[in-house]
Structures are given as C-alpha cells and as structure tokens.
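Note that this is a predicted model, so its numbers are computed, not measured. This chain uses plain numbering: 1 for the first residue, then up along the sequence.
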Amino acid sequence: MEPPVSEVLRDDSSLDKGWVTLTLSNPGKLNAISVAMWRALRAHVQTLDEDARVRAIVIRGAQGNFAAGADIEEFPAERGSYDALRRYHGEIIGPTLDALAHCRHPSVALIEGVCVGGGLEIATHCDLRIAGQSARFGVPINKLGFPMAPGELRGVLALAGRAAALEILLEGRVFDAAEAREKGLLTRVVADDAVEEAAYASARRLVAGAPLAAQLNKWLIARLSPPVPPLSEAEWQQAFSYWDSHDHREGVAAFLEKRRPDFQGR
C-alpha cells in the first residue's frame, strides 16, 4: 500500500461567494507540514493573491487538527547541514509565511485540535485566527534542541509580544485556546462544534466589505508597524549556529526514536 500523500488542498466551491479554502493534509501525522506542503501553500497563496475574484482565504487542517508543526521525519535529509538548514528556513518556510502575510486578500485560520510549531507559525501569519475551545497551542521545539528561526518568530512576536514569546519558546509548553487568546494569539475562541461556522461567518464578513479597503488596511497596518532591520549575515550565522550541536542532533534523534532526549548544553 502506498503511503498517504501530504498536500495542501484547494477548495474553490465557494469562489462564487468570494472565498477559497486551503486545507493542510498529512494523514497519520496530525497534518505535520512537509516540504512539499510548505511549497504548495506558498504557490496557492501567490496564485490567489493575483486572483481578483478572491476576497478572503480560509486556512484549516484536515481530520480535526490544524497542524502539528513541521514534518520532523524529513529533518535528517532536509536540514542535514548548515547550508541545508539555511535553505529550509530561508527558501522554503520563510517565503511561504511572507507570501501569506503579504497576500492582499484577508486570511482566516480555522483552528481545530493541534496547532503547534509550524502550524502556529502559519496561523500567526494569517490576519484572523478563530479556534475551538479544545484546540492546543505551543512551540515545543526546545525539546528538539533548536530555536525558532528569525523569519518564523516574527509572527508569534508580533502578536504575543516579547514576554509571552519568551515564555512560549523557553518553556515549550502546550496550552489551551483560552490561554492562547490571553496571550494575543487568537482573534476569538468558540465552542468546538461552532468553530467552522464562526470562521466562515468571518469570511462572509470579509467578503461583504470593500476589497480595496481591506487591502489598504492590511498595507497601512503593516506600514505603520515598527520596522525590523534585516539581519546581517553574521546574525543569520548566529541564529543557525546550533546546526551541528550535540543537543540538536540528540533532540531530533530522540523524537524519531520516541525516547527522552539527553541534552548536554553543547
């Protein structure tokens, strides 16, 4: 039997109403985001950005979960050297999140179940985030022995601020939707059986508004937000200086071998 395919599904069935749904799907892995999915999400968003018929984009996960981070089983092949690590974050994940953040059409994250790691990164780069009350959030990558990459941290930091971002990353704790909203990560929390309707009701409100006004609001808010100077090459090297550390190798190996990691601070 062939293994399940990881993909991002595009549903145009409501395009005549003004919105399109993109669904993250990686069966059996809580929709962990593969390289193919990162690339597909970017391609879909860029295509939709150019389509004047679209006035809103809804992003969700398949089978009752949003996404459980990046697909760690790909790490040895996709992040096996410093150069590969730079490509993975700088040419695959970073540009995908940029495309989502800079898309002229408003986006809504419909969040059910698990929304951690890369899933939370995608959600924080959407314009609105609506979650079911039992959804779970966090960035537990400290247990894998590495930090969040600069281009991915931007979305969490912009919403949660310095203090909450430090808590989320340093503790690596998974928390509930009520706490996620307290931290500024969510637009609203609703009952689990109401989250789909709430997200699409939001999409309908976005569609009912003037598209040019929405686009200008997005641009103006981005323009008036505090600018972040680009990182220097030395800073990029420092951000990824963990690539050949014992703790990074041990964290990934322990996850794949389903055991507790033995971190040594080196």
Side-chain angles (χ1 to χ4, degrees), residues 33 41 45 57 59-61 66-70 89-90 93-103 106-190 195 198-199 202 206 214 216-232 235-236 238-242:
I33 310 158
L41 180 60
V45 170
I57 302 170
I59 298 181
R60 66 184 305 178
F66 192 75
H89 291 282
I93 298 181
T96 300
L97 298 175
D98 283 343
L100 183 56
H102 297 142
C103 180
S107 55
V108 181
L110 189 169
I111 303 170
E112 302 171 288
V114 173
C115 179
V116 301
L120 184 59
E121 292 167 6
I122 291 172
T124 58
H125 282 79
C126 290
D127 297 308
L128 304 175
R129 290 152 299 280
I130 300 174
Q133 60 189 11
S134 69
R136 302 184 301 284
F137 302 83
V139 188
I141 54 175
N142 63 343
K143 298 176 179 64
L144 294 170
F146 62 91
M148 184 175 277
E152 297 151 48
L153 177 55
R154 178 181 53 210
V156 174
L157 185 59
L159 293 179
R162 181 179 183 273
L166 280 169
E167 178 193 355
I168 291 167
L169 292 171
L170 295 182
E171 288 192 347
R173 182 171 55 87
V174 175
F175 46 90
D176 63 20
E179 186 174 346
R181 192 171 191 278
E182 289 175 1
K183 288 176 164 46
L185 295 172
L186 297 177
T187 305
R188 65 183 66 97
V189 177
V190 299
V195 63
S202 178
L206 296 177
L216 288 173
N217 278 328
K218 287 193 61 170
W219 170 75
L220 279 169
I221 289 171
R223 177 65 182 85
L224 295 174
S225 297
V228 179
L231 272 65
S232 67
E235 289 171 324
W236 277 108
Q238 183 175 351
F240 292 118
S241 60
Y242 65 86

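Under the salt bridge (charged side-chain N to carboxylate O under 4.0 Å, His left out) criterion, Lys183 pairs with Glu167, Glu179, not counting sequence neighbours. The side-chain contact (heavy atoms from CB on, under 4.5 Å) test applied to Pro147 returns Tyr242, not counting sequence neighbours. Under the rule for a salt bridge (charged side-chain N to carboxylate O under 4.0 Å, His left out), Asp176 has no partner lying at least two apart in sequence or in another chain. Shown here are the side chain to side chain donor-acceptor pair (under 3.5 Å) partners of Ser232, two or more places apart in sequence or in another chain: Glu235. Applying the ring pair (Phe, Tyr, Trp, His ring centres under 6.0 Å) test to Trp219 and every residue at least two apart in sequence or in another chain returns nothing. Partners of Glu171 by salt bridge (charged side-chain N to carboxylate O under 4.0 Å, His left out), not counting sequence neighbours, listed by chain and number: Arg173. Residues satisfying the side-chain contact (heavy atoms from CB on, under 4.5 Å) criterion with Thr96, sequence neighbours excluded, are Trp38, Leu41, Arg42. For Ser134, the side chain to side chain donor-acceptor pair (under 3.5 Å) test picks out Asp192, with sequence neighbours left out. Remark: Phe175 pairs with no residue by the ring pair (Phe, Tyr, Trp, His ring centres under 6.0 Å) rule, at least two apart or across chains. Residues that satisfy the side-chain contact (heavy atoms from CB on, under 4.5 Å) test with Ala239, not counting sequence neighbours, are Pro150.
The structure places CE of Met148 at 6.0 Å from CG of Leu153, a figure rounded to the nearest 0.5 Å. The structure places CD1 of Ile122 at 6.5 Å from CG of Leu97, a figure rounded to the nearest 0.5 Å. Taking CZ of Arg181 as the reference point, atom OG1 of Thr187 lies at 8.0 Å (rounded to 0.5 Å). For the atom pair Ile111 CD1 and Leu186 CG, the distance stands at 5.5 Å (nearest 0.5 Å). Atoms CD1 and CD1, on Ile141 and Ile168 in that order, are 11.5 Å from each other to the nearest 0.5 Å.
Closest approach of Ile130 and Val195 over heavy atoms only: O-CG2, 3.7 Å. Across all non-hydrogen atoms, the minimal contact from Ala123 to Cys115 is CB-SG, 4.0 Å. In plain terms, the two heavy atoms of Gly118 and Ile33 that are nearest each other are C-CD1, 3.7 Å. Closest of all the heavy-atom pairs between Val139 and Leu169 is CG1-CD2, 3.7 Å. Across Cys103 and Ile57, no two heavy atoms sit closer than the pair SG-CD1, 3.8 Å. Between Ala177 and Phe137, the shortest heavy-atom distance links the atoms CA-CE1, 3.6 Å.
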Test side-chain contact (heavy atoms from CB on, under 4.5 Å) applied to Leu185 and Thr124, step by step: CA-CA 7 Å; Leu185 295 172; Thr124 58; 4.1 Å; yes
With side-chain contact (heavy atoms from CB on, under 4.5 Å) as the test, would you mind laying out the steps for Phe66 and Ile59 before giving the verdict? CA-CA 9 Å; Phe66 192 75; Ile59 298 181; 4.0 Å; yes
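Between the side chain of Ser202 and the backbone N or O of Ala198 there is no donor-acceptor pair closer than 3.5 Å.
The salt bridge (charged side-chain N to carboxylate O under 4.0 Å, His left out) pairs that include a residue from residues 144-162 are Asp98-Arg154, where partners are two or more places apart or lie in different chains. Contacts classified as salt bridge (charged side-chain N to carboxylate O under 4.0 Å, His left out) and involving residues 122-147 (residues at least two apart or in different chains) are given here: Asp127-Lys218.
You'll find the side chain of Pro106 stays beyond 4.5 Å of the side chain of Leu128, heavy atoms only.
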